[in-house]
Amino acid sequence: MSKYRSVRGMVDIFPEDSRHWQFLENTVAETLASYGYGEVRLPIVEYTELFTRGIGKATDIVEKEMYTFDDRNAESLSLRPEGTAGCVRAAIQAGVLNTPQRYWYAGPMFRYERPQKGRQRQFHQIGAEAFGVASPDMDAELILMSARLWRRLGIAQGVELQINSIGSSESRSRYRSALVEYLNQYVDQLDEDSQRRLQSNPLRILDSKNAGTQALLENAPDMSEFLDAESADDFSILCALLTAAGVAYTVNTRLVRGLDYYNKTVFEWVTTRLGAQGTICAGGRYDGLVKQLGGRDTPGVGFAMGMERLVLLLAEMGSMDMSSAPVADVYVVAVGDDAYKVALSTVESLRSEMPRCRLVQHTGGGSFKSQMKKADKSGAQVALIWGEDEVSAGTVTVKPMRVEKESGERLAQQSCLLPELPAVLSAALTID
RNA sequence: GUGGCCGUAGCUCAUCAGGUAGAGCCCCGGAUUGUGACUCCGGAGGUGGCGGGUUCAAGACCCGUCGGCCACCCCA
């Protein structure tokens with residue numbers, strides 16, 4: 001155990017894993033771009049008040065999970081616990097909300113929570129936000145976009161879409177009263193957490209994992225019956241659009257979201273394959289947030305997906321080759337100072353001619369044998385070998401390192417003159 | 001914040017009535033002088049998370065603490 005460790009819940013990602021992240025990030029970026037979403041790069045730190053106002057003062061996130069500290073001028077700052085508030089703030093500040101906008105962002109978020117599978121203190125999200133369109137076709141677009149993404153990532157079979165409408169804040173508050181009134185009759189039968197939530201956040205009782213509580217909820221008032229007309233209409237339009245587009249979904253009237261800014265449509269993509277933290281992507285509409293944060297009243301919808309969870313799911317579903325990838329295509333062996341010099345300049349010009357080829361030159365000296373061992377370990381298809389003989393003859397030895405023919409037959413090494421090298425090397429690398 | 005399980009070489013793990021630790025993998029070197037993979041030989045590497053306690057003696061027992069995993073909570 002070394003003296004210095006990463007902060008609890010904050011992990012390092014090495015090449016063996018980061019290549020999976022790159023695949024995921026590239027796929028997401030391409031997909032979002034194909035719908036006309038543009039990337040915004042936002043600060044990781046914001047004034048604390050942005051989050052307390054935006055996310056809600058009573059939520060667990062701002063109440064006990066934020067990394068909050070004073071700047072040197074005594075202003076309270078916080079590491080962002082989610083991306084929407086900052087994105088909205090940025091859009092207002094930039095004055096771009098006079099017309100509809102589609103944005104996406106990616107990066108680390110911070111929440112002081114107990115780490116477990118699929119949950120870290122520093123985690124990463126990619127989020128998409130659409131501003132300025134109040135109609136449910138925008139909700140549908142975001143959901144279709146995410147559905148397409150799961151298909152492209154090869155995880156569509158492992159995820160399920162749940163949707164709900166939580167209505168306007170007025171209808172929600174009517175429903176909340178009805179729910180509280182109902183549950184108050186059975187307070188003593190509720191689990192401890194739910195008894196607490198009855199005071200703090202009654203709607204949260206709906207997705208309690210407690211079986212007894214869920215049984216009580218069987219006969220509880222149904223949120224859908226309390227929806228205002230507009231929310232109900234929009235929701236049925238959304239459902240119709242999803243059906244027309246062939247996106248399967250489950251209406252879950254118990255689905256509520258944790259952040260205060262949501263209204264009307266909410267949705268979650270969930271999986272049963274990741275243990276307790278099964279939500280890989282979630283979002284909804286937040287029509288009041290822009291105004292709440294000081295902008296002109298502008299509707300918004302968005303979602304955020306958890307990168308760690310997606311990487312886990314990708315691995316779980318075998319959608320990605322998780323075996324370790326070679327670090328090199330070509331490994332360059334050179335023994336002796338003269339050989340090293342010739343190799344160095346030759347390989348530099350090779351890189352100019354073959355920019356996509358990964359040419360790793362051996363460093364640190366050593367015998368032919370030890371250098372060859374490194375060549376083997378690197379996973380390279382070909383070793384280029386320079387020694388005294390090659391230098392004096394003006395040649396280089398091209399040695400195929402792996403079985404490359406269907407027959408399993410090995411290719412013999414050959415030597416070639418330096419001007420021939422690009423052609424010979426290309427040929428050696430393209431035999432598959 | 002709560003609970004369960006866990007913490008021995010870089011990695012995966014073992015050992016023992018409590019008597020001052022071992023394997024496999026990895027790494028390094030070698031097996032006829034310039035060449036990897038298989039095999040063989042040799043080598044390096046551990047204050048047994050940390051701190052207390054019990055004991056003649058603790059990695060093994062007890063307490064604390066830190067860390068990890070999973071779950072609750074919460075949420076992406």
Short N-O contact, R102(A) and E141(A), less than 4.0 angstrom: yes
For E268(A), the option from R254(A), R309(A), R257(A) that meets salt bridge (Lys or Arg N to Asp or Glu O under 4.0 Å): R257(A)
Whole-angstrom distance between G48(B) and C41(B), as gauged at atom C1': 30 Å
Length of the CE-C1' vector between M372(A) and G36(B), whole Å: 5 Å
Q371(A) (side chain) and U35(B) (base): donor-acceptor pair under 3.5 Å: no
Distance in angstrom units between H362(A) NE2 and G34(B) P, rounded: 16 Å
Sugar-phosphate only, base, or nothing, as touched by E390(A) at under 4.0 Å among non-hydrogen atoms: base
Between G22(B) and G36(B) - C1' atom distance, rounded Å: 31 Å
Integer angstrom distance from the C1' of C40(B) to that of G46(B): 27 Å
Distance, rounded to the nearest Å, where Y331(A) contributes OH and G36(B) contributes C1': 11 Å
Summary of protein contacts for nucleotides 68-76 of chain B, nucleotide by nucleotide, where a base hit scores B, a sugar-phosphate-only hit scores S (4.0 Å, heavy atoms): S-SBBBBBB
A9(B) pairs with, by Watson-Crick or G-U criteria that keep both distances under 3.5 Å: none
Nearest-Å distance for atom pair CG/C1', residues D389(A) and U33(B): 12 Å
No-H, no-angle donor-acceptor pair, K369(A) side chain to U35(B) base, under 3.5 Å: no
Side-chain donor or acceptor of T48(A) paired with backbone N/O of L77(A) under 3.5 Å: yes
P-based separation of U33(B) from C50(B) [nearest Å]: 46 Å
Any side-chain donor near an acceptor of the partner, Y286(A) and E129(A), under 3.5 Å: yes
Gap in Å between the two P atoms, one belonging to A9(B) and one to G51(B), rounded: 16 Å
Residue pair T279(A) / W269(A), side-chain donor-acceptor N/O under 3.5 Å: no
Cation-pi geometry met for R121(A) and Y112(A) (6.0 Å, 45°): yes
Pair assignment for C40(B), Watson-Crick or G-U wobble, requiring both distances under 3.5 Å: G30(B)
Base paired to G1(B) (Watson-Crick or G-U; both N/O distances under 3.5 angstrom): C72(B)
K374(A), nearest nucleotide to its side chain (from U35(B), G29(B), C28(B)): C28(B)
Nucleotide forming a Watson-Crick or wobble pair with G59(B), both distances under 3.5 Å: none
Counter-base of C50(B), judged by Watson-Crick or G-U geometry with both distances under 3.5 Å: G64(B)
Rounded P spacing from G43(B) to A60(B) in Å: 30 Å
Integer-rounded Å distance: A37(B) P and D376(A) CG: 7 Å
Interatomic distance, I385(A) CD1 vs G36(B) P [rounded to whole Å]: 10 Å
Gap in Å between the two P atoms, one belonging to G59(B) and one to G53(B), rounded: 14 Å
P atoms of A44(B) and U39(B), separation to the nearest Å: 22 Å
Side chain to side chain donor-acceptor pair (under 3.5 Å) between E160(A) and T250(A), intermediate numbers included: CA-CA 8 Å; E160(A) 183 195 311; T250(A) 304; 3.2 Å; yes
No-hydrogen, no-angle side-chain donor-acceptor test under 3.5 Å, T265(A) and D139(A): yes
Selected nucleotide, minimal atom distance to K377(A) side chain, candidates C27(B), U35(B), G34(B): C27(B)
Near-ring test Y186(A)/Y182(A), centroid separation under 6.0 angstrom: yes
